[in-house]
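Single-structure report; data block below.
Note that the structure is a prediction, hence the values are computed from the model and not measured. Computed over heavy atoms, backbone and side chain alike; hydrogens, waters and symmetry mates excluded. Indexing begins at 1, ligand by ligand and atom by atom, following the structure's order.
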Amino acid sequence: MTLVGIVGGGQLGMMLAEAATELGIGCITLDPAPDSPASRVAPTIVGGYDDENALAELAAASDVVTYEFENVPVASARFLAERVPVFPPPGSLEFAQDRLLEKTLFEEVGLAVAPFSAVSSRDGLAEALDVIGVPSVLKSRRFGYDGKGQVRVGSVDEADGAWRAVGEVPSLLEPLVPFDRELSILAVRGRDGRAAFYPLVENIHRDGILRVSTAPAPEVAPELQERAERHALAVMERLGHVGVFAIELFQVGEELLGNEMAPRVHNSGHWTIEGAATSQFENHLRAICGLEIGSTSAEVHSAMVNLIGSVPPAGSFDLERDVHLHLYGKGFRPGRKLGHVTVVGPDPDTRDRVLGRVTRTADNLG
Ligand code: AMP
């Protein structure tokens with residue numbers, strides 16, 4: 001049996017391990033916590049992400065190693081890659097960990113981005129504000145996720161506070177983009193270089209955290225889908241990426257701006273478990289194990305609602321054939337993703353009716 005090592009035992013690792021079971025693939029995860037979500041479904045090596053003994057143990061136990069979050073130290077990924085095939089390649093991590101490299105890469109392959117200025121000091125922020133103006137967003141170059149490491153700047157007077165709030169670390173300043181909507185393109189690329197794409201997903205964020213994804217996104221012209229696919233393919237080819245890959249996009253009129261990329265399975269792809277012919281988790285495993293990539297077509301109309309900060313008491317959702325609850329078994333904490341609900345329907349109207357019920361229940365939870 002093929003054994004896949006997963007660095008990280010969060011919910012993404014858990015859902016990868018669940019998908020692996022159906023493919024007859026075994027998984028083992030590495031996580032500092034003994035009670036991580038993935039530990040419920042796969043054996044865990046308990047250790048830090050920079051613990052060479054733990055990494056060596058993972059490499060020795062695995063035929064191929066992958067990761068479920070992008071802040072895995074690149075040195076650890078390289079350490080693993082000297083011992084066992086690692087997919088996606090460590091280079092994908094390197095680009096995804098630094099907003100400056102990421103944006104430069106997007107521009108290089110022809111995906112437009114919002115204007116940005118690199119900021120490395122308080123004085124540098126003043127200069128950047130002269131160029132970019134307000135309202136703008138100051139984002140740390142590294143270790144930002146779910147709205148963390150970013151702060152809005154409404155006026156030049158707020159610069160001091162913003163610089164402190166971002167942690168006085170190397171950052172980027174960019175304008176607050178008046179987007180019409182947020183989209184994401186989910187792609188998967190195999191070891192043989194063949195790629196496939198899921199339909200564009202529309203995403204609604206709250207406080208910088210993904211709240212609802214709708215798939216396929218409504219009103220997407222084939223040309224828009226093709227454009228997003230072209231950009232994703234170009235980035236993946238440039239990185240030699242293998243596995244699932246996501247780019248978060250702002251749509252402004254007919255223009256697409258690249259915001260962020262994730263070299264891994266992505267929250268806006270959770271709907272694929274019930275809503276696509278092959279889930280992103282299965283396809284990630286297929287890609288990294290050198291198996292044929294499964295169909296990415298959307299079979300139904302789906303929407304996914306994240307449960308953030310609290311989970312419903314048992315029985316809150318009407319769990320019918322069109323409502324699917326996934327709980328990650330994590331402790332409650334404000335702003336933490338604790339689970340998600342996927343709603344499917346034969347058409348957008350039916351799906352939206354059920355989605356309305358589900359979001360109301362989720363909202364009442366806080
Ligand atoms: P990020 O960490 O860059 O993915 O940002 C999280 C969310 O914050 C995005 O999905 C947007 O909803 C919002 N956001 C980030 N950057 C901008 C921006 N420049 N303009 C408007 N909204 C933004």
Side-chain angles (χ1 to χ4, degrees), residues 10 12 69-71 92-93 95-107 111-119 125 128-129 131-155 158-159 162 165-167 169-186 200-215 217 228 231-232 235 244-253 255-271 303-306 308-309 334-337 340:
L12 301 177
F69 69 109
E70 62 267 34
N71 285 327
S92 290
L93 279 179
F95 275 83
Q97 285 179 2
D98 185 336
R99 288 186 189 272
L100 184 60
L101 293 183
E102 192 174 73
K103 284 193 190 276
T104 311
L105 174 59
F106 286 165
E107 285 188 313
L111 170 57
V113 298
F116 62 92
S117 268
V119 172
L125 176 56
L129 280 164
V131 179
I132 302 292
V134 288
S136 46
V137 188
L138 183 65
K139 299 180 176 181
S140 65
R141 274 173 61 174
R142 298 172 66 81
F143 302 120
Y145 71 99
D146 283 351
K148 293 187 177 68
Q150 64 174 270
V151 51
R152 293 199 179 183
V153 190
S155 75
E158 293 170 21
V166 86
V169 292
S171 301
L172 294 185
L173 186 74
E174 61 186 48
L176 191 67
V177 176
F179 54 75
D180 295 307
R181 62 175 171 171
E182 294 190 73
L183 298 169
S184 55
I185 181 77
L186 252 100
L200 277 163
V201 180
E202 182 172 321
N203 300 313
I204 295 172
H205 289 78
R206 190 191 284 170
D207 302 327
I209 306 178
L210 180 63
R211 178 66 173 169
V212 178
S213 290
T214 304
H231 291 314
V235 176
V244 166
F245 185 83
I247 304 183
E248 295 177 36
L249 303 154
F250 297 141
Q251 184 176 359
V252 189
E255 198 180 13
L256 287 179
L257 298 178
N259 178 41
E260 206 179 20
M261 69 189 201
R264 54 165 171 81
V265 287
H266 194 250
N267 194 174
S268 71
H270 290 359
W271 64 273
M304 185 236 41
V305 182
N306 269 335
I308 301 165
R336 199 174 200 202
K337 291 172 182 167
H340 73 266

Should you measure from each heavy atom of [X], which atoms of ligand 1 turn up under 4.0 Å away?
X	answer
K139	3 (O), 15 (C), 16 (N)
F179	21 (C), 22 (N)
E248	4 (O)
Q150	1 (P), 2 (O), 3 (O), 5 (O), 6 (C), 8 (O), 15 (C)
H205	10 (O), 12 (O)

L176 N/O to ligand 1 N/O under 3.5 Å: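 So ligand 1 has no N or O lying under 3.5 Å from an N or O of L176.
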field: Mode of M261 contact toward ligand 1 - side chain, backbone, both, neither (heavy atoms, under 4.0 Å)
entry: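 For M261, there is no contact with ligand 1 at all, from either part.
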- request: Report the part of N259 in contact with ligand 1, treating N, CA, C, O as backbone and CB onward as side chain, heavy atoms under 4.0 Å; options are side chain, backbone, both, neither.
  value: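 For N259, the contact with ligand 1 is made by the side chain alone.
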- request: Using the side chain to side chain contact (heavy atoms under 4.5 Å, CB included) rule, take E158 and V134 through it: C-alpha gap first, then chi angles, then the decisive distance, then the call.
  value: CA-CA 10 Å; E158 293 170 21; V134 288; over 6 Å; no
Closest to atom 18 (C) of ligand 1 among E174, R206, R152 (heavy-atom distance):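 Result: the heavy atom closest to atom 18 (C) of ligand 1 is in E174.
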task: Specify whether H340 and H270 have parallel, tilted or perpendicular ring planes, treating 30° as the upper limit for parallel and 60° as the lower limit for perpendicular.
output: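 Because their plane-to-plane angle lies in the 30° to 60° range, the rings of H340 and H270 count as tilted.
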[X] and [Y]: which non-hydrogen atoms are nearest, and at how many Å?
X	Y	value
S171	S140	OG-CA, 3.6 Å
G258	V113	O-CG1, 3.6 Å
K139	V166	C-CG2, 4.1 Å
S268	L186	OG-CD1, 3.5 Å

message: If the contact criterion is a heavy-atom separation under 4.0 Å, does P175 count as touching ligand 1?
response: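 It does, in that a heavy atom of P175 comes within the 4.0 Å cut-off of ligand 1.
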- request: Check if G208 has a non-hydrogen atom at a distance under 4.0 Å from any atom of ligand 1.
  value: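 True for this residue.
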Non-neighbouring partners of E202 that pass salt bridge (Lys or Arg N to Asp or Glu O under 4.0 Å), sequence neighbours left out: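 Expected list: R181.
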- request: Please answer whether the main-chain N or O of T104 pairs with a side-chain N or O of E102 as donor and acceptor at a distance below 3.5 Å.
  value: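 Side chain of E102 to backbone of T104: no pair is present.
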